[in-house]
Protein chains: 2
Amino acid sequence: MARSRSLKPGRPAYQQIADELRASIRSGELGDGDRLPSETELIETFGVARMTVRAALQVLQHEGLAVAEHGRGVFVRHRRPFRRRSVQRLSRAQWGSGRAMWEADTAEDRTVSATIEVTRERAADDIADRLRVPPGTDVVVRRRLHSVDGQPLQLSAAHLPAEIAVGTPIAEPDTGPGGTYARLEELGYPLEGFVEEVQARMPSPDEARLLALPTGVPVITIVRVAHTSDRPVEVNEIVVNSDLYVLEYQIRP
Amino acid sequence: MARSRSLKPGRPAYQQIADELRASIRSGELGDGDRLPSETELIETFGVARMTVRAALQVLQHEGLAVAEHGRGVFVRHRRPFRRRSVQRLSRAQWGSGRAMWEADTAEDRTVSATIEVTRERAADDIADRLRVPPGTDVVVRRRLHSVDGQPLQLSAAHLPAEIAVGTPIAEPDTGPGGTYARLEELGYPLEGFVEEVQARMPSPDEARLLALPTGVPVITIVRVAHTSDRPVEVNEIVVNSDLYVLEYQIRP
DNA sequence: GAGTGGTCTAGACCACTAT
DNA sequence: TAGTGGTCTAGACCACTCT
């Protein structure tokens, strides 16, 4: 960044400074992980007040292009989606084989971990609606936080009618080989298909904390409904760190 | 919001103010479209400087919970996803029938419009890679901006090898009934399937402008590859307003 | 004109990181 | 200790909306 740059009237100063920095990032002049000019340097370069350069840096952070590290500087953020979720994850070959679904798209050298909490609750209206049971029906809820190599990736909350799950391994923290879907088939609920509804939004503060999300990184939400030929048997609400995920879907015409 | 509220030490004032406002929104005390307390009111309520209450309001805007309207106030943002993209969109029944794919999931009373620009370019590396052609190969690019009821929804850039598309309706703005996919089949490229890669991120300033995105609304990006039994024939890069979309995918085990 | 949010200044003190 | 970003103040002027 050259010394003493001029700003044109008409467009706010903080946006012009953000524009210049963004251009430096896009052009590759500032690469992944590089430190941006410090606030002090930007104040000298552009001849503006500190709050003005801070506003410019905030713009870049909220665009997901930069992250601030207290005491160290503001750095170009590097995306590294190291996981890919594909349709294959939900194939019977996967969970029928005794592998956890979770492992389906995980490279061998990754360390996968999860915390889990199983509770019994009354179904919220939207869950009951999707399960096609009366509002307030008892459900077993399996809440998990999945991490890979210590990096939190995904929150999930699987809801199953208590009538189906209670007294089975599905209501235990460890569902055994093949997981919930393998158990459902054993219990006489052969799965016919899944429907996933995908959306994106900014995280709540809680989600940002649990998933260790930097500023400017949205979450992808997935509502997956697993169903047999005559009824839905599970609703899984999933929230994923969009920075680390590429979802893959295959469609046949 | 009661008058004169106290702030506790330890947590930054602007975050505590944001917390209170967020709680009011989540509880429903402030509903969709309601005006939040003005900056002046918040200054009096919490006894802080203006930049502090502004910081609190920015937090909510970047979370996608509120939108500021210059001269009017800051309002609770209301989500209204009025479109749903499902697997059915890509069924042969859809585009084989002469309906534009675009219409597949559009309710009858919507006004659909699009701008389109068709160009011939050298393929960028990632596009060439996905089309399995040498880098720099000539491609026909169909860039569109889709809107519904005047609201911009989606940007797309469909890339096809020039070898396939040149001299056909695919290189014209209007591809005719059933669109590009119907033409491809007529030209001897029967489609065997599609793969979609879905990610989410914050928009670039250009995307935010074109899609009329408020602060705090991410985009969903989709890279769709259409292929015949022996080669990919189209790569479509799609950027959608995540506020207006629910993607739906069906999966068979 | 009164009220709203948008930009900007010139300071202050604090917390964190590096050396 | 020097340099970095994080929070906060008490003003200023501007642009927009509504009545």
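These figures come from a predicted structure and were not determined experimentally. Values below: all heavy atoms of this structure, side chains included; hydrogens, waters and symmetry mates excluded. Order of the sequence lines fixes the chain letters, A, B, ..., with proteins taken first and strands second; residue numbering starts at 1 for each chain.
Proximity of R54(A) to the phosphate of dG6(D): a side-chain N or O atom is located under 4.0 Å from OP1 or OP2. Distances shown here put a side-chain N or O of T40(A) below 4.0 Å from the OP1 or OP2 atom of dT4(D). Dashed line: the shortest gap from a side-chain N or O of T52(B) to OP1 or OP2 of dT9(D) is under 4.0 Å. Contact annotation: S38(B) side-chain N/O to dG3(C) OP1/OP2 distance is not under 4.0 Å. Note on Y14(A): a side-chain N or O is less than 4.0 Å away from OP1 or OP2 of dT7(C).
With no hydrogens or angles considered, a side-chain donor-acceptor pair links E196(B) and Y249(B) at under 3.5 Å.
Although no hydrogens or angles enter the test, the distance criterion places no donor-acceptor pair under 3.5 Å between the side chain of R77(B) and the main chain of A66(B). Between the D129(A) side chain and the D126(A) main chain, no donor and acceptor come within less than 3.5 Å of each other.
As rounded to whole Å, 21 Å separates atom P of dC14(D) from atom CZ of R11(A). Taking atom CD of residue E41(A) and atom P of nucleotide dT4(D), one finds them 6 Å apart after rounding to whole Å. Here dC8(C) presents its P atom at 14 Å from CD1 of I43(A), a figure rounded to the nearest Å. Rounded to whole Å, the distance from CZ on F75(A) to C1' on dG3(D) is 12 Å. Rounded to an integer number of Å, the gap from CD of Q16(A) to C1' of dG6(C) is 15 Å.
With hydrogens and angles ignored, a donor-acceptor pair under 3.5 angstrom links the side chain of R50(B) to the base of dT7(C).
With respect to the salt-bridge test (charged N to carboxylate O, under 4.0 angstrom), the residues R144(A) and E117(A) do not qualify.
In terms of position on DNA chain C, the residue among E69(A) and Q15(A) whose nearest nucleotide sits closer to the 5' end is Q15(A). Where V48(A) and E39(B) meet DNA chain C, the nucleotide closest to each residue was compared, and E39(B) sits on the side nearer the 5' end.
The 12-atom threshold is exceeded at CZ of R35(A), counting heavy atoms of other residues, nucleotides or ligands nearer than 6.0 Å. Enclosure of atom CZ in R209(B) by more than 12 non-hydrogen atoms of other residues, nucleotides or ligands within 6.0 angstrom is indicated.
Non-hydrogen atoms lying under 4.0 Å from DNA chain D are contributed by nothing in residues 57-66 of chain A.
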Worksheet item: Going through the distances and angles, do Q154(B) and Y245(B) end up as a side-chain hydrogen bond (donor to acceptor under 3.5 Å, both in side chains)?
Response: CA-CA 9 Å; Q154(B) 159 177 322; Y245(B) 254 95; 2.7 Å; yes
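No contact: A55(B) has no heavy atom under 4.0 Å from any strand.
Picking from dC8(C), dC8(D), dC18(D) the nucleotide with the shortest atom distance to the side chain of R72(B) gives dC18(D). The nucleotide whose nearest atom lies closest to any side-chain atom of M51(B) is, among dG5(C), dA10(D), dG6(D), dA10(D).
The aromatic ring of H70(A) does not sit over the base of dG6(D), since the test of centres under 5.5 Å and planes under 30° is not met.
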